[in-house]
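For reference, the structure is listed below as structure tokens.
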Amino acid sequence: MKKNLSKLCIFVFSTIVFFSWTTLYAKEVLIGGAACETGMQAPLDTPGINGAKVAVKYLNDEKGGILGRPVKFVNLDGKSDPVTVGNSALEVIAQGAEFIIAPCDFDFGGPASMAAQDAGIVGMSLCASDPLFSSWSLGDKQFTLSMWNTTMSATAAEFAYNEKGWKTAYVVTDQIIAYTRSLSEYFLVHFDAIGGKILLEDTYTNGDNDFSAQLARLKALDEEPDVIFISSYGIDIALITKTLREAGITAPILGGDSYDDPSVWEALGTKFGSDVYFVTHTWMGSAEGHPDMPEFVKLYTDYHGSAPDTAFVATGWDTVMLFAQAAEIAGTTDGAAVAKALEDNEFNLLTGDLDYSNAADGHYPYKAAALVGLTEGNPSFLGWRNPENPPAP
Amino acid sequence: MLLKHTLEKDLKMRMLEINNLQVNYGPVIAVKKVDLFVNQGETVVLLGANGAGKSSTLLSIAGVANKLLGKVEFSGKDITKFSPEKILTLGIATVPENRDIFPDLSVKENLVLGGYINRKKNNILQDTIEEVYNLFPILSERNSQVAGTLSGGEQQMLAIGRALMSKPKILLLDEPSLGLAPTIVEKIYEHIEQLKKNTNLTILLVEQHAMKALSIADRVYFLRLGEIVSSGKASDLKEKTDFKKIYFGE
Amino acid sequence: MKIINNENTFSILFFLILFIIIYFVNFFVGSAIFERTVTNLFIYIILVVGLQVFMGNSGILSFAHIGFMSIGAYSSGLLSMPIKMKGFVLRDLYPIFENVAFDPILSILIGGIFTAIIAAILTLPLMRLNDAAAVISSFALLMVIHSIVVGWSAVTNGPRTFFGLPKATTLEIALIFSFLTVIFAFIYKNSKFGLLLRASRDNDIAAESIGANIVYLRWFAIIASAFLAGIAGGLWGHFITSFSPKSFYLKETFLVISMIIIGGSFTVTGAIAGALLVTIGYEFLRWTEKVIKFSDVITFEFIGLTEIVLSITIIIFLITKPKGLFPFKEIGDTINKIIKKE
Amino acid sequence: MFLQYIVDVLSLGSLYALFALGLVLVYGILKLVNFAYGELVLVIGYSIFLLKGSPFPWFFMAGTAIVMSIVFSIFTDYVAFRPVREKSVTAVLITSFAFATLLQNAALLLISAKPKNVPMPSFLSDSVQFLGVITPVRNLISIFVTFLCLIIFYQFMKRSTLGLAMRAAATNFNMTRMLGIPANLVITSAFAMSGLLAGIAGTLWMSKIANVFPGVGLEPLLIAFIATVIGGMRSVHGAVLGGFILAFIDMSFNYLLPQDILKFRDVFTFSIVILILLIRPQGLVKGPATGIRT
Amino acid sequence: MKLSCEKITVDFVGLRALDQVSLSVKTKEILGLIGPNGSGKTTLLNTIGGQLKPTKGNIFKDNLDITEFTPQHRVKNGLARSFQIVRTFDSLNVFENIKSASLVSNMNYSDKIKFCDEIISYLNLDRIKHVLANTLNYGDRRRVEIARAMATDPDFLLLDEPAAGMNDDESEILLTMLREIPNKFNLGILIIDHDMSLIMKLCDRLHVLDSGKTIAEGLVDQVKTHPDVVKAYLGEGFKNENA
């Protein structure tokens with residue numbers, strides 16, 4: 001009995017020593033992710049993770065890692081649940097992560113960035129575009145790779161009013177996350193500011209699967225709107241579009257980067273997948289999006305066996321490359337130094353040129369937006385846009 | 001007495017035999033030790049005050065008593081562990097104490113269900129329904145009426161009729177007089193007697209009203225506190241037994 | 001009334017020692033993740049023991065408990081959130097709350113009391129329902145609470161993440177609250193109210209015949225239970241610091257019910273054992289998932305595996321051990337017996 | 001406008017009625033609530049999804065999916081009901097809840113958490129216009145299919161011996177057994193029919209939402225629940241009535257309530273459920289007398 | 001003290017279960033309520049115990065009209081009962097079963113415990129005091145139920161078939177216990193049992209019901225030979241000379 005006990009003690013002790021040794025002397029740069037591979041957030045995060053994996057391989061194969069150290073990327077599924085995201089982030093930080101990739105949204109990504117801030121390391125969301133994802137609310141080492149909704153909405157509004165001449169709009173806001181709310185909010189403000197008229201604002205909550213109430217109110221309007229702005233998330237976009245079209249409403253539909261999801265296009269199909277426009281991060285289809293795009297597509301195809309199908313893939317690549325570039329500039333992976341490098345420099349990325357304001361100004365991402373249109377369920381690039389006077393966050 | 005039984009056993013065909021039956025409901029012992037038998041064509045009555053274990057004995061033959069020990073044999077076959085539906089298929093039909101007709105179904109539908117095992121043989125089913133209607137003409141009048149709206153006596157007739165629909169070899173009848181006015185009880189017993197006469201059906205009857213039951217029974221068992229305390233030919237017992245002693249004690 | 005009898009004393013002492021051991025194990029391990037798990041465990045003990053106070057003693061399955069937890073989490077968060085954060089999170093907040101920022105622990109207590117008051121108002125008429133009707137009504141109550149939390153954007157931020165709570169719940173605080181809950185549950189169980197309620201659980205008609213007013217007995221129990229759920233919610237909210245209505249829904253309900261079914265709802269010991277075992281199982285599966293992820297060997301996703309294991313466990317338990325691991329006897333009873341023998 | 005409203009209520013109500021009817025069948029006979037009922041819609045959705053690439057015509061895929069729904073419904077009985085049926089009402093509630101969780105997470109583990117597109121023939125989405133009403137063909141088909149199902153169902157329950165046996169079993173289970181009607185046959189038939197109805201309703205539901213994800217079963221379950229509580233847990237008429245009433249309530253709220261209040265619609269409907277349980281636990285239609293549960 | 005029913009009528013759907021039944025029990029008296037199956041005995045007891053509301057008629061305890069009282073309220077006014085189907089609290093031990101019932105009485109806590117112990121030893125339950133009720137045999141459960149009813153410190157005890165399912169020895173023991181309870185605990189007993197020999201030995205007076213109506217009442221020997229009683233039990237056509 002006593003012998004066994006001492007054996008157990010030795011075992012426990014040596015295990016603890018071993019684990020502390022592995023964490024202390026790990027030579028790799030560990031990039032930790034808490035992005036969501038499951039749940040409603042997955043369609044936006046999974047492509048990012050896939051892109052990030054390509055970037056990590058590229059860094060290790062071609063660039064000798066970061067600061068001469070090999071790079072390892074581990075993502076623990078955040079399961080589209082803020083609590084799990086927080087737990088996952090803490091877990092990877094405990095394993096020695098020096099950089100955190102947060103999910104592509106404020107609601108889901110916030111907890112990961114908060115954990116990164118507490119640990120004093122840089123956290124970057126793949127593509128959260130709500131201005132809440134700022135250094136104001138999360139801390140001075142937290143960034144998002146995406147443009148903010150101010151830019152995204154203003155681009156949509158200017159496209160509708162200035163380019164297409166749609167004067168009246170109907171706006172549907174999905175209540176589900178901060179992103180969908182602020183996207184509508186800035187669209188309303190900017191469309192109004194440049195002279196457009198909002199006929200009706202309505203709300204929807206993701207997962208309701210029933211748009212009949214809103215439809216009833218829309219039909220009660222005296223005039224049909226020129227454009228319908230649907231700020232929603234995931235497959236519900238297709239559901240709402242389908243319901244509108246089935247009820248005989250033919251006005252064009254406009255939205256944000258949540259439309260950049262092949263499953264949405266598939267759900268819309270050839271029948272409903274026309275006259276739909278959205279603002280997103282970049283164009284993967286050709287060199288029009290970015291001169292390096294064909295090269296990235298090749299790397300991606302080599303790694304995953306199929307070509308990327310959404311711009312969110314590029315956000316993953318960019319997030320890792322941005323961290324690598326900033327760390328090289330700073331000469332260290334230390335959180336404060338990397339954050340400063342990010343604030344002080346301008347970066348050329350697949351998702352456009354990016355320049356951050358300093359922490360006091362919220363880490364405002366100065367960035368251009370890409371416009372894409374759908375025809376019979378197939379996307380086509382309409383070009384880069386830079387709104388003239390986006391609303392203030 | 002014992003000798004007499006053995007003789008009878010040899011003379012007539014044994015249909016149902018119960019040995020050492022014990023029935024428990026949770027911790028309650030409803031039937032302690034019951035041995036009885038019923039011969040073909042006989043009408044046997046089980047008498048006793050309430051709580052004596054009469055209904056439990058009957059239900060355990062029908063296969064719906066949960067925990068039972070001992071042995072129930074039907075035509076020489078051990079049916080102790082058989083399911084209720086299997087037992088009916090063998091030819092044992094039950095009319096339970098509170099009749100348990102299906103109140104939301106019509107009289108006809110109740111009867112059709114009673115003939116479930118003959119459902120594939122349409123002509124048999126029709127003929128049997130006719131037979132039941134002949135026996136209980138009132139049911140024929142109420143053919144499409146919802147059973148729940150029948151009077152107590154009519155419900156009792158329906159319950160018996162339903163049981164007959166399966167063309168049973170033996171009928172288990174549990175207190176057909178319960179809750180009925182004396183004149184109705186009289187009528188029910190007339191029907192049972194007629195049934196006996198017409199079909200020579202074997203009947204195991206449970207009753208509390210001793211006199212009525214004795215008048216149609218061949219043999220009698222007395223139950224008290226889950227045990228058989230005496231048995232014998234109905235005609236003998238009717239004269240000799242001190243019923244008051246059995247019912248009221250000393 | 002002599003409420004701390006031998007059995008209570010032994011049980012309470014046992015859990016005091018157990019909690020202290022867990023505390024020191026954590027101290028010795030010294031890992032942030034471990035501490036997080038243990039803190040979470042203590043919060044869950046409050047929740048499950050709180051559920052036991054009602055469900056165990058009254059014998060009525062309640063789905064509404066997680067709903068009460070959400071009331072505690074949101075109300076305490078609303079009170080303790082720093083004023084600056086309120087500007088970010090709750091932009092349409094009513095003016096009276098705009099400048100409120102209480103001490104988190106005070107907020108948690110107020111949250112618990114508030115939850116108890118809400119429960120008192122909502123549940124009184126429901127307490128006379130039995131069996132399926134009682135379960136369905138508690139399920140409907142969960143849906144009502146959930147829908148209100150999702151819909152009432154002004155104070156809950158709607159379906160979106162409610163964040164910005166100060167991180168106030170430490171392991172020590174969770175442990176202390178948890179231990180107080182355990183003491184309360186034991187005292188309650190053996191008090192007049194507890195005894196009569198347990199009597200009504202076994203047989204309601206007989207309980208009425210000895211003068212038990214079942215509706216009120218159940219009502220007191222669910223108020224106490226809701227108070228504890230509210231406290232657990234507040235502690236959890238100030239531990240996780242950001243959550244959404246989805247954090248208090250069917251998946252969590254299932255988790256808590258699993259705990260109490262596996263442990264045994266009739267005993268406080270069972271509730272604690274259930275929380276402990278399910279947490280250990282959950283963490284083990286999560287650990288497996290993590291090890292696989294870090295090993296780079298298998299790329300297969302193990303999503304949902306924990307829930308699958310849990311549901312199979314529950315079904316097996318209900319078939320083979322429907323009253324759980326501790327069906328009737330508290331751990332103190334067993335200890336008492338052992339001591340008496342020696 | 002008014003006609004549009006009628007068509008909307010009828011098309012939604014017909015779906016709700018089918019869902020409610022399927023739930024009430026099992027409850028009627030076993031007096032047990034099937035929490036895994038909604039997962040039949042999950043089975044339908046994933047079955048059609050998995051058959052997507054196959055060369056078979058759509059109707060064959062839908063038919064296969066409905067067969068799968070029946071199979072899973074019977075499977076529910078064997079996993080969640082049979083082993084614990086005799087223990088307590090609560091035990092079955094929990095096992096069926098656990099079984100539902102099991103199926104959802106199996107879908108999560110084996111397929112994906114992402115919503116998957118369920119193919120539907122495109123004519124279902126064509127709009128029809130008549131008397132000022134614009135509605136997709138799908139809605140008219142829902143109404144037609146439901147009424148057809150209801151007629152067949154009622155005829156079956158009234159005329160067939162098995163239907164009679166099921167009605168009888170709903171009143172007094174033991175007595176039906178004493179008439180030689182096999183208990184297992186009745187129970188299995190009830191689950192099979194429950195699966196069939198949920199399967200048909202689920203296919204129509206899929207044509208409405210056109211995607212499937214692990215949590216897809218919750219809403220149909222809630223619908224069936226609310227409708228049966230309102231209409232009567234013990235009565236098939238009640239369930240059908242409850243379905244239409246629920247659709248009427250939902251649709252009226254949609255048309256009448258301002259959006260700020262509309263988001264609390266579920267609060268109202270579930271409050272109605274609680275109120276009915278308190279005031280009239282048997283629901284609007286009382287159903288057959290209570291029998292003995294086995 | 002006196003417990004009395006006056007012209008109690010209870011109607012169920014389409015059935016008159018009790019028809020103008022009146023009876024009364026005094027302190028220290030044992031009244032037996034008998035009658036064949038379905039005669040309404042348990043219905044009457046449920047009406048007195050408050051589990052059922054009478055359609056017509058009143059129940060008095062002395063001069064207090066308790067017809068509208070809830071069961072709990074009746075307990076506080078000195079009525080306690082046992083049930084035809086055993087209704088012990090199965091997950092509580094014997095002591096807890098009895099203690100739970102004593103909680104409503106007006107005694108202080110230590111007196112309550114003392115009183116419970118007194119009842120326990122009187123009914124010979126000491127041996128199984130700390131045993132869970134669900135592990136007891138049937139006879140013990142019956143006695144626990146009686147003890148539980150007594151622990152409420154009642155003025156009147158309503159016992160529904162306390163000896164059902166007991167064997168002869170157990171019944172005999174129970175009989176001796178019951179016999180002395182009225183004097184020892186200063187209360188009155190209203191008892192239903194099917195075991196006629198027990199009833200006949202135990203009761204001071206009998207009250208006979210048939211089909212919801214009173215057909216006889218009085219001293220044991222009078223009732224035993226009452227022709228209506230005999231008819232009710234044995235049916236029409238019984239020849240009295242057999243006695």
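Letters A, B, ... mirror the listed sequences (proteins, then strands); counts begin at 1.
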> Is it the side chain or the backbone of B:S166 that comes within 4.5 Å of chain D heavy atoms, both, or neither?
Replying inline: neither
[X], [atom1]: over 12 other non-hydrogen atoms inside 6.0 angstrom:
{"X": "B:Y133", "atom1": "OH", "result": "yes"}
{"X": "B:K108", "atom1": "NZ", "result": "no"}
{"X": "D:F156", "atom1": "CZ", "result": "yes"}
{"X": "B:F82", "atom1": "CZ", "result": "yes"}

>> Out of B:R119, B:E109, B:M165, return the one with the most heavy atom pairs under 4.5 angstrom to chain D.
In response: B:E109
> What distance do B:I87 atom CD1 and D:R177 atom CZ have between them, rounded to the nearest 0.5 Å?
Replying inline: 9.5 Å
>> To the closest 0.5 Å, what do you measure between CG (D:N174) and CG (B:L59)?
In response: 8.5 Å
Shortest non-hydrogen contact from [X] toward [Y]:
{"X": "D:A168", "Y": "B:L105", "value": "CB-CD1, 4.1 Å"}
{"X": "D:M178", "Y": "B:V64", "value": "CG-CG1, 4.0 Å"}
{"X": "B:Y116", "Y": "D:L179", "value": "CB-O, 4.1 Å"}
{"X": "D:T171", "Y": "B:P103", "value": "CG2-CD, 3.6 Å"}

> side-chain hydrogen bond (donor to acceptor under 3.5 Å, both in side chains): which pairs involve residues 148-158 of chain B, sequence neighbours left out?
Replying inline: B:R99-B:Q156, B:R142-B:E154, B:Q145-B:T149, B:S151-B:E154
>> I'd like to check B:F102 versus D:M175 (side-chain heavy atoms, cut-off strictly below 4.5 Å). Are they in contact?
In response: yes
> If contact means a heavy atom pair closer than 4.5 Å, which residues of residues 194-202 of chain D contact chain B?
Replying inline: none
Show me the side-chain donor-acceptor pairs of residues 180-192 of chain D shorter than 3.5 Å, one per line, residues at least two apart or across chains.
| from | atom 1 | to | atom 2 | distance (Å) |
| --- | --- | --- | --- | --- |
| D:T188 | OG1 | D:R82 | NH2 | 3.4 |
| D:T188 | OG1 | D:N184 | O | 2.7 |
| D:S189 | OG | D:L185 | O | 2.5 |

> How about residues 70-80 of chain B versus chain D: which residues have heavy atoms under 4.5 Å apart?
Replying inline: none
